[in-house]
Amino acid sequence: MKTALAKPRTYLPEDQEINWESIEPIYVELKERAIESVSDLEKWLQDRSELDAVLQEDYAWRYIKMTSDTANEEAVNAFQYFATEIEPKIAPLTNDLDIRLVESTFLDQLDSDKYFIYLRKVRKSLELFREENIPLFTQIQLKQQEYQQISGGLTVEVDGKELTLQQASVFLQDTDRTKREAVWQKVTAKRLEHKDALNTLFTELIQLRHQVALNAGFGNFRDYMFAAMGRFDYGVQDCLDFHYAVAKEVVPVMQKIADERKAKLQIDPLKPWDMVVDPDGLPPLKPFADGEELINKTTAVFNRLNPYIGNCLTIMKDNNLFDVESRIGKAPGGYNYPLAESGASFIFMNSAGTLRDLTTMVHEGGHAVHTFISSDLELTEFKNLPSEVAELASMSMELFSMSEWEIFFDNEEELKRAKRIQLEDAISTLPWVATIDKFQHWIYTHPEHSIDERESAWNSIYKEFGNGYTNWDNEEEARLYLWQKQLHLFEVPFYYIEYGFAQLGAIALWRNYTLNKELTINSYLDALKLGYTKTIPEIYEVAGIKFDFSQKNLQNLTKFIQDNL
């Protein structure tokens with residue numbers, strides 16, 4: 001399925017069917033085509049890029065439809081067909097094409113600057129490719145889908161209404177503490193009903209992933225993933241240093257904020273259901289009434305930031321590229337899915353009318369802008385972004401957009417509340433990122449661990465990063481399984497530290513924005529235009545900041561947030 005935005009194809013027919021029987025001959029043609037000059041090689045790269053874009057967009061729509069309705073058998077089967085009948089058969093042919101590229105006698109005649117990042121990635125993929133891992137990747141993908149199916153169907157009853165967990169979580173902002181606790185207990189009990197199934201699923205995923213690593217010649221899945229994710233600009237020790245820095249610099253600040261909350265609420269101790277209610281006893285902020293208003297107001301905010309930025313969302317609305325409201329059977333979470341052929345994006349989320357939903361929308365909107373502005377890059381691979389860059393685009397937009405939030409809040413005091421919550425969230429993200437990332441390091445360097453050992457490791461790591469700054473007496477089981485809420489652990493392992501690194505970049509960009517709005521927005525867009533044609537540090541430099549997650553930089557940026565609070 002293509003949108004009206006897709007550019008005309010030059011290699012594949014417009015009515016190309018997407019099934020293995022129709023796709024295989026195209027790979028064979030690319031594999032066997034005569035390449036007799038550097039111009040032939042570049043045309044071959046462009047044709048291969050078009051094929052990649054068509055397949056990526058087809059997969060995107062299958063995923064979008066499946067997550068939009070996890071109980072829809074037709075959508076689930078369509079997704080599974082791609083995962084079982086197309087992807088596994090593409091993998092060896094993709095490897096063959098990579099070999100053909102790096103062995104081409106004309107490779108050295110390609111523009112070394114233009115193709116450096118792409119060829120670096122191709123060579124790393126060739127190093128990691130193992131035929132025996134193809135069926136394992138299929139099993140992993142199907143297992144990951146099980147998480148969606150389990151989580152997407154969870155509901156609780158509140159005030160006589162059946163609500164998704166996202167909808168029910170709105171009540172955690174209720175000023176009635178008894179109500180908050182009752183809803184928290186219901187949501188927690190519902191999650192814990194599935195803790196054993198999720199534990200079993202996670203154990204199976206760990207074992208499959210560990211075998212992938214062993215097959216590729218690595219001692220553990222962590223080290224394999226650092227290579228597979230192309231982490232050329234930092235390593236394992238940098239992540240461990242970041243964990244330490246967050247514990248030293250950010251956790252005390254968050255504890256201070258929690259102590260202030262406790263004093264204002266006159267509650268001792270703070271419990272898990274006390275952490276999102278307004279500390280001054282004010283009712284929850286309601287920045288919008290429904291999904292349509294959320295889209296319209298966000299578009300207006302983006303227009304004020306820059307007309308190009310606003311136009312991206314306008315195009316998406318005109319092409320029905322949003323699914324934002326929470327409903328039963330819909331997968332949890334939120335995402336922006338790039339449509340590789342169209343050059344547009346699809347935004348999926350579970351809105352329940354909260355400030356958090358506003359933040360999610362502008363976050364995913366930042367990703368969407370990134371997709372649009374890099375869509376004219378010559379090859380699909382130039383647009384396949386590293387997460388450290390992708391999340392810089394989205395997390396910066398959260399902070400930039402605050403300057404225009406009067407569109408959502410016409411009351412000055414509510415606007416101040418919203419901005420304060422957003423700034424607190426900007427730094428509270430860091431301990432949770434460090435917690436999840438450190439947990440993954442432990443998980444995959446101890447692949448044979450027991451459930452008891454997993455629980456012990458989680459407790460120890462969670463405590464190191466503040467324990468949620470609350471008292472968990474009598475709620476120990478809930479604390480043990482907090483990690484099961486994080487879909488990244490199940491679906492995209494080791495994709496999480498990027499949020500921490502990008503958050504520091506976003507704060508640095510926002511600091512620039514407070515000094516010169518126009519210059520900062522232009523530098524931000526210039527960086528996004530690059531896609532992934534430069535190294536991560538180079539892209540950050542174009543944006544006007546450094547790719548710096550040192551303890552000193554973290555300390556300085558945390559202080560900047562505190563000063564603004």
Side-chain angles (χ1 to χ4, degrees), residues 136 139-151 154 165 184 187-215 218-226 228-229 236 239-240 242-244 246-247 251 272 332-333 430-500:
L136 294 180
Q139 290 182 58
I140 288 169
Q141 192 162 47
L142 296 177
K143 286 290 177 188
Q144 289 170 176
Q145 186 194 346
E146 290 181 28
Y147 179 77
Q148 297 276 15
Q149 293 173 319
I150 293 171
S151 302
L154 301 186
L165 301 194
W184 186 90
V187 169
T188 298
K190 179 59 66 173
R191 289 191 185 279
L192 289 175
E193 284 179 18
H194 300 274
K195 66 179 176 63
D196 293 334
L198 290 175
N199 252 338
T200 299
L201 175 61
F202 196 51
T203 298
E204 291 170 347
L205 283 167
I206 292 166
Q207 292 167 350
L208 287 167
R209 290 164 178 165
H210 183 60
Q211 189 59 52
V212 164
L214 294 180
N215 290 349
F218 289 81
N220 61 70
F221 185 70
R222 178 195 67 183
D223 295 346
Y224 167 84
M225 280 302 289
F226 269 71
M229 296 176 81
V236 168
C239 295
L240 302 181
F242 178 75
H243 303 160
Y244 175 83
V246 170
V251 170
L430 298 172
W432 182 249
V433 167
T435 302
I436 293 296
D437 191 60
K438 188 166 185 175
F439 185 51
Q440 294 197 84
H441 282 255
W442 185 88
I443 287 288
Y444 291 106
T445 54
H446 299 80
E448 304 300 329
H449 65 266
S450 66
I451 298 297
D452 286 345
E453 289 170 330
R454 184 186 301 167
E455 292 174 350
S456 178
W458 171 257
N459 266 342
S460 176
I461 293 167
Y462 190 56
K463 182 178 179 181
E464 180 182 349
F465 294 103
N467 232 343
Y469 319 103
T470 63
N471 180 288
W472 289 90
D473 290 350
N474 301 317
E475 309 297 344
E476 288 83 1
E477 187 179 32
R479 179 181 60 192
L480 273 179
Y481 292 101
L482 281 173
W483 61 270
Q484 291 186 346
K485 296 193 299 181
Q486 196 63 59
L487 65 83
H488 296 71
L489 291 169
F490 291 87
E491 295 188 23
V492 278
F494 284 99
Y495 173 19
Y496 213 64
I497 191 68
E498 296 93 337
Y499 288 103

Between the OH atom in Tyr481 and the CG atom in Leu192, the distance rounded to the nearest 0.5 Å is 8.5 Å
Sorted by first residue and then second, give each salt bridge (charged side-chain N to carboxylate O under 4.0 Å, His left out) pair with at least one member in residues 475-492; sequence neighbours left out.
Lys195-Glu477
Heavy-atom closest contact (Asn199 atom, Trp483 atom, distance):
OD1-CZ2, 3.4 Å
To the nearest 0.5 angstrom, please state how far the CG atom of Leu198 sits from the OG atom of Ser151.
6.0 Å
Sequence-distant partners of Thr188, side chain to side chain donor-acceptor pair (under 3.5 Å), two or more places apart:
none
Less than 4.5 Å apart, any side-chain heavy atom of Leu489 and any of Tyr147?
no
Just by distance, do the side chain of Thr435 and the backbone of Pro431 share a donor-acceptor pair under 3.5 Å?
yes
Holding to side chain to side chain contact (heavy atoms under 4.5 Å, CB included), I want the full list of residues that pass it with Glu146, two or more places apart in sequence or in another chain.
Lys143, Gln149, Leu201
Sorted by chain and number, sequence neighbours left out, side chain to side chain donor-acceptor pair (under 3.5 Å) with Gln486 holds for Trp432, His488, Tyr496
Qualifying salt bridge (charged side-chain N to carboxylate O under 4.0 Å, His left out) pairs with a residue from residues 461-470, counting only residues at least two apart or across chains:
Lys438-Glu464
Output yes when a side-chain donor or acceptor of Ser456 lies under 3.5 Å from a complementary backbone atom of Asp452, and no otherwise.
no
Could you work out, with side chain to side chain contact (heavy atoms under 4.5 Å, CB included) as the rule, every residue matching Arg222, not counting sequence neighbours?
Asn220, Phe226, Val236, His441, Tyr444, Thr445, Phe494
Relative to each other, are the rings of Phe439 and Trp458 parallel, tilted or perpendicular (30° and 60° limits)?
perpendicular
Applying ring pair (Phe, Tyr, Trp, His ring centres under 6.0 Å), can you list everything that pairs with His446, at least two apart in sequence or on another chain?
Trp442
Ring pair (Phe, Tyr, Trp, His ring centres under 6.0 Å) filter on Phe218, not counting sequence neighbours, yields Tyr224
Derivation of the side-chain contact (heavy atoms from CB on, under 4.5 Å) call for Gln484 and Ile150
CA-CA 11 Å; Gln484 291 186 346; Ile150 293 171; over 6 Å; no
Indicate yes or no: at least one non-hydrogen side-chain atom of Phe202 is less than 4.5 angstrom from one of Ile443.
yes
Atom CG of Leu480 and atom OH of Tyr462: how far apart are they, to the nearest 0.5 Å?
11.5 Å
Go through the structure and list residues passing ring pair (Phe, Tyr, Trp, His ring centres under 6.0 Å) with Tyr244, not counting sequence neighbours.
none
Scanning both residues in full, the closest heavy-atom pair of Ile497 with Cys239 reads CG1-SG, 4.0 Å
Side-chain touch Ile451/Thr203, heavy atoms, less than 4.5 angstrom:
yes
Could you grab the distance from atom CD1 of Ile436 to atom OH of Tyr499, nearest 0.5 Å is fine?
11.5 Å
Residue set satisfying side chain to side chain contact (heavy atoms under 4.5 Å, CB included) with Leu136, at least two apart, ordered chain then number -> Asn133, Gln139, Leu208, Gln211, Val212, Asn215
For Glu448, what residues pass the side chain to side chain contact (heavy atoms under 4.5 Å, CB included) criterion, not counting sequence neighbours?
His210
Tell me every residue that passes ring pair (Phe, Tyr, Trp, His ring centres under 6.0 Å) with Phe242, counting only those two or more places apart in sequence or in another chain.
Phe501
Full working for side-chain contact (heavy atoms from CB on, under 4.5 Å) between Gln144 and Val492:
CA-CA 9 Å; Gln144 289 170 176; Val492 278; over 6 Å; no
Taking all heavy atoms of His243 and all of Ala434, pick out the closest pair and write down the distance.
CD2-O, 4.0 Å
If you look at every heavy atom in Met225 and Pro493, which pair is closest and at what distance?
CE-O, 3.4 Å
